[in-house]
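Taking it in order: structure first as structure tokens, then the write-up.
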Amino acid sequence: MSSVVSYVGLSLVLFAIGAVGVCIRRNAIVVFMCIEMMLNAVNLAFVAFSKLQGNLDGQVAVFFVMVIAAAESAIGLAIIIALFRNNVSVETTDAAQLKW
Amino acid sequence: MTFMGFVLSAVAVAAALGVVFNRNPLYSAFCLIVNLLAMAGLYSVLNAHFLAVTQVVVYAGAIMVLVLFVLMLLNLKAESGRKLGIFRTLIAAIIAGSVVTTVYPSVSANFEQLSIHALQENAWRSEGTVKAVGEEIYGRYIRQFELSSLVLLIGIVGAVMLSKRKHSTIGPREGGLGGMK
């Protein structure tokens, strides 16, 4: 029991670190990597709860999260490349305009 | 938590801090790879063997290769040493603090009520081998699995459309910072 709680605690810590990274970093790629880290933290919580419940639903959910993350990373990196092409930096503070 | 789980957790947290606090994005990416591999180890400690392998192949393999490819394509330098705004730091601290302090007590309080006996009874059924997870995915979750293939297709089409150079929906800015052909 305590084991699962500690894994959920680890998941929370990783999620919080990722959230801090999204807030304080300005490089869009690093922000993207921090989002991936937050997704992973949630996946760890899913796996821990799956072990706790004794069924595989949590692990299937993690599988689908991975599918979404793969699609999201392809589109996100394409957006970052488009941002760089328009606006020669990828700093989020330089992308303050919504249209150009 | 077993000894292995403890070591992997420490590695994961250290690598996560490295992702956030490295100035050079390339070092951040390598720290993220270490973090993802440590998470794969944690999955296998938690008996999710299929997910551990998938994590290594999909995340640490495919997604991080994509990220490193973009990093090297854009040839970024380390972030300039401008100091953090107090406002951003405050927001970050509030979010991190509220996530940890609100979720953890409720989770640990709810688990106090579960009996250890029931957990030990359940433990063997959550062995995430390829066979067991595959039976779940192709059995009860077959519709969601088919829909996820549609999501991947949309992802491919969207990535191609966004990064197309000519007749792109987002053209170069005229007379602005852009002008890269």
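The model shown is predicted, which means the values in this text are computed figures rather than measured ones. Below, chains carry the letters A, B, ... as their sequence lines are ordered, and counting in each starts from 1.
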Considering only heavy atoms, which portion of [X] lies under 4.5 Å from any heavy atom of chain A: side chain, backbone, both, or neither?
{"X": "Leu74(B)", "answer": "both"}
{"X": "Leu36(B)", "answer": "side chain"}
{"X": "Ala16(B)", "answer": "both"}
{"X": "Leu17(B)", "answer": "both"}
{"X": "Phe145(B)", "answer": "both"}

Sort out for me which of [options] touches chain A most, counting heavy-atom pairs under 4.5 Å.
{"options": "Val100(B), Leu153(B), Val67(B)", "result": "Val67(B)"}
{"options": "Ile95(B), Val58(B), Val13(B), Ile91(B)", "result": "Val13(B)"}
{"options": "Ile63(B), Val99(B), Leu152(B), Thr54(B)", "result": "Ile63(B)"}
{"options": "Ala29(B), Ala12(B), Ala92(B)", "result": "Ala92(B)"}
{"options": "Phe50(B), Phe69(B), Phe21(B), Tyr43(B)", "result": "Tyr43(B)"}

If you count heavy-atom pairs under 4.5 Å with chain B, which of [options] comes out on top?
{"options": "Val90(A), Ile81(A), Leu77(A), Val20(A)", "value": "Leu77(A)"}
{"options": "Asn40(A), Leu14(A), Leu44(A)", "value": "Asn40(A)"}
{"options": "Ile79(A), Ile29(A), Ile68(A)", "value": "Ile29(A)"}

Would you give the length of the straight line joining atom [atom1] of [X] to atom [atom2] of [Y], rounded to the nearest 0.5 angstrom?
{"X": "Leu56(A)", "Y": "Asn47(B)", "atom1": "CG", "atom2": "CG", "result": "10.5 Å"}
{"X": "Tyr59(B)", "Y": "Glu36(A)", "atom1": "OH", "atom2": "CD", "result": "5.0 Å"}
{"X": "Met39(B)", "Y": "Met37(A)", "atom1": "CE", "atom2": "CE", "result": "9.0 Å"}
{"X": "Phe32(A)", "Y": "Leu71(B)", "atom1": "CZ", "atom2": "CG", "result": "10.5 Å"}
{"X": "Leu46(B)", "Y": "Phe49(A)", "atom1": "CG", "atom2": "CZ", "result": "11.5 Å"}
{"X": "Arg26(A)", "Y": "Arg88(B)", "atom1": "CZ", "atom2": "CZ", "result": "6.5 Å"}

Query - Pairwise side-chain contact, Leu42(B) with Leu10(A), heavy-atom cut-off 4.5 Å (strictly under) - result: yes
Query - Side chains of Tyr7(A) and Val45(B) in contact at under 4.5 Å (non-hydrogen atoms) - result: yes
Hydrophobic clusters here meaning ILVMFWY residues chained together by side-chain heavy-atom distances under 4.5 Å, can you tell me if [X] and [Y] are in one?
{"X": "Val62(A)", "Y": "Ile142(B)", "answer": "yes"}
{"X": "Val53(B)", "Y": "Ile137(B)", "answer": "no"}
{"X": "Val31(A)", "Y": "Tyr27(B)", "answer": "no"}
{"X": "Ile33(B)", "Y": "Met72(B)", "answer": "yes"}
{"X": "Val47(A)", "Y": "Val56(B)", "answer": "yes"}

Query - Steps toward side chain to side chain contact (heavy atoms under 4.5 Å, CB included) verdict (Val19(B), Cys34(A)) - result: CA-CA 7 Å; Val19(B) 173; Cys34(A) 289; 4.3 Å; yes
[X] and [Y]: which non-hydrogen atoms are nearest, and at how many Å?
{"X": "Gly155(B)", "Y": "Ala71(A)", "result": "CA-CB, 4.4 Å"}
{"X": "Arg25(A)", "Y": "Asn22(B)", "result": "NH1-O, 2.6 Å"}
{"X": "Ala74(A)", "Y": "Leu66(B)", "result": "CA-CD2, 4.1 Å"}
{"X": "Val133(B)", "Y": "Gln59(A)", "result": "CG2-OE1, 3.7 Å"}

Query raised in the report: Is it true that the side chains of Gln55(B) and Asn43(A) contain a donor and an acceptor less than 3.5 Å apart?
Result: no
Query raised in the report: Counting distance only, does the side-chain N/O of Arg140(B) pair as donor-acceptor with the main-chain N or O of Asp57(A) below 3.5 Å?
Result: no
What part of [X] gets closer than 4.5 Å to chain B, counting heavy atoms only: side chain, backbone, both or neither?
{"X": "Phe63(A)", "answer": "both"}
{"X": "Ile75(A)", "answer": "both"}
{"X": "Ala41(A)", "answer": "backbone"}

**Report entry** Verdict with supporting geometry, Phe64(A) and Gln144(B), side chain to side chain contact (heavy atoms under 4.5 Å, CB included)
**Finding:** CA-CA 8 Å; Phe64(A) 290 125; Gln144(B) 289 89 331; 3.7 Å; yes
Query raised in the report: Among Val20(B), Leu32(B), Asn35(B), which one satisfies side-chain contact (heavy atoms from CB on, under 4.5 Å) with Met33(A)?
Result: Leu32(B)
